[in-house]
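For the numbers below, each heavy atom of this structure counts, side chains included, while hydrogens, waters and symmetry mates do not. Every chain is numbered from 1 and lettered A, B, ... according to where its sequence line falls, protein lines coming before strand lines.
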Amino acid sequence: MDYATPLGIIALAGLVHASFQLGVSMMTLLSGHSLSSKRSKQRTLGLVTCFFMGAVVMTMLVVSFIAYVVTQSFAGDLPVWLWTLSSSLLLGLGIVVWAFYYRPGRDGTALWLPRTAARFLSERTKSTRNEAEAFSLGLTSVLAELVFAIPPALAAALAITTLPVVWQLPGVLLYVVVASLGLGIVVVLTGSGRRISTIQRWRESHKRFLQFAAGGGLLVLGFFIYVTYVVAPVMSGNF
Amino acid sequence: MSELIDVVKRGKRTSEPFTRDKLHASIVASCRSVSSPEALAHHAADHVCDVVMLWTADKPEITSDDIRRQAGSALVTLHPEAAYVYQHYHIIM
């Protein structure tokens, strides 16, 4: 059994997920609001950590849910059309990310979100006072970006279901760990006393690179899945 | 005096009267968010409010973007990091 291919797909899908920025934006705002409300750095770190845990749990739930549905529906024998669907979503999303992920013509890191939704999330972030609210906000950050997170999560879930049962939980954990890297780095930076202006400046000056990397990663992943799981079985008559 | 000036908000939100206290609070919050000492935050906010009040003196109506620009450029000389947060707050997400 070839483990490297599914694990590689899971890791790359997780990396693409990690490059999405809504959670990082919300965490940056949360940390700024918390400090501006005269909360101690320790308390701010507590809120940010709970936000991180919420995002980790929801990411795990999303990918596990998709993997469960796929396993129950196809009993481990994935049809070619499902891989075709996954690669099409990844390729389409790659182009969408390149074109629309950041608002065209706007400075800063304003995202694709409708402005009313962005204002709502911003207000919710502002009024977050305790750890339970921060945890819920972390859950919400993943749900709010689901339209972008579903294609890589689907690709990872399909790859997870091709692994033997004992490898499936490590597969889910691999996806979650890699997908949470960006948020984890912000938690560490906040904990080490970096100013939010430093974090935001970095995000702003590298936003085009992150956008290119996310879109490029999606296209590479989509193309790889198409060749490996759609073209190869069809060419060999094994579908 | 300042309460007679209307602030036109972004989008379809209704306008509201300009209040020095609200501007003061947002400047203090921006300074605190970059871990600025409390005294420096209040000093910077007082200075920025004075500059903006002077600028609004002959205007019946201003936009929230005008305030952000004026306050941001007044703050940048005293506290560049806080000015960056103040000016970019609404475009972080």
Side-chain angles (χ1 to χ4, degrees), chain A residues 20-41 44 101-103 105-126 137 140-141 144-145 186 190 192-205 207, chain B residues 7-16 21-49 63-93:
Chain A
F20 294 147
Q21 294 291 308
L22 181 60
V24 178
S25 289
M26 289 173 71
M27 192 181 262
T28 309
L29 283 175
L30 178 64
S31 143
H33 281 307
S34 178
L35 289 171
S36 68
S37 313
K38 288 213 272 189
R39 291 195 189 101
S40 68
K41 283 186 180 163
T44 300
Y101 193 69
Y102 290 103
R103 291 203 153 237
R106 291 285 294 269
D107 289 334
T109 49
L111 300 174
W112 54 275
L113 277 177
R115 288 302 85 190
T116 43
R119 257 198 297 279
F120 171 75
L121 289 174
S122 178
E123 288 303 316
R124 268 314 313 158
T125 309
K126 196 174 177 178
L137 201 63
T140 310
S141 73
E145 199 152 52
V186 178
T190 308
S192 63
R194 291 289 165 89
R195 291 170 167 172
I196 63 157
S197 53
T198 311
I199 298 170
Q200 182 56 25
R201 268 186 219 277
W202 187 92
R203 291 184 60 219
E204 194 172 337
S205 56
K207 72 175 186 180
Chain B
V7 178
V8 180
K9 313 278 273 183
R10 266 167 189 271
K12 291 174 182 168
R13 289 182 295 163
T14 52
S15 57
E16 60 179 48
D21 288 349
K22 189 174 176 185
L23 176 62
H24 193 278
S26 63
I27 300 293
V28 169
S30 298
C31 293
R32 280 182 189 151
S33 72
V34 292
S35 306
S36 170
E38 200 62 15
L40 177 59
H42 283 277
H43 170 69
D46 287 338
H47 170 75
V48 169
C49 287
T63 68
S64 49
D65 283 342
D66 288 335
I67 299 176
R68 192 170 292 280
R69 264 192 300 275
Q70 293 297 326
S73 56
L75 184 59
V76 79
T77 53
L78 289 176
H79 206 320
E81 295 298 305
Y84 179 81
V85 171
Y86 179 77
Q87 287 173 318
H88 289 79
Y89 165 77
H90 64 298
I91 44 175
I92 285 181
M93 182 153 63

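- Applying a 4.5 Å heavy-atom cutoff, the residues of residues 35-48 of chain B that approach chain A are Ser35(B), Glu38(B).
- Among all heavy-atom pairs drawn from Ser122(A) and Met93(B), the shortest one is N-CE, 3.5 Å.
- In terms of heavy-atom pairs under 4.5 angstrom with chain B, the leader among Ser197(A), Ser34(A), Gly193(A) is Ser197(A).
- For the pair Tyr84(B)/Glu204(A), a side-chain contact is recorded, criterion being any heavy-atom separation below 4.5 Å from C-beta on.
- Neither the backbone nor the side chain of Arg103(A) comes within less than 4.5 Å of any heavy atom in chain B.
- Arg201(A) is listed as a side-chain neighbour of Glu81(B), based on a closest heavy-atom distance under 4.5 Å.
- For the set Thr44(A), Leu35(A), Thr28(A), Thr198(A), the count of heavy-atom pairs under 4.5 angstrom toward chain B peaks at Leu35(A).
- With rounding to the nearest 0.5 angstrom, the CG atom of Leu111(A) is 11.5 Å from the CD1 atom of Ile91(B).
- Every side chain to side chain donor-acceptor pair (under 3.5 Å) that Gln21(A) has, sequence neighbours left out, goes to Arg203(A).
- A heavy-atom distance below 4.5 Å is not found between the side chains of Val85(B) and Gln200(A).
- In Arg194(A), the CZ atom is not crowded: 12 or fewer heavy atoms of neighbouring residues, nucleotides or ligands sit closer than 6.0 Å.
- Between chain B and the options Val24(A), Leu22(A), Leu29(A), heavy-atom pairs under 4.5 Å are most frequent for Leu29(A).
- Of all non-hydrogen atoms in Ala29(B) and Ser36(A), the two that sit nearest each other are O-CB, 3.0 Å.
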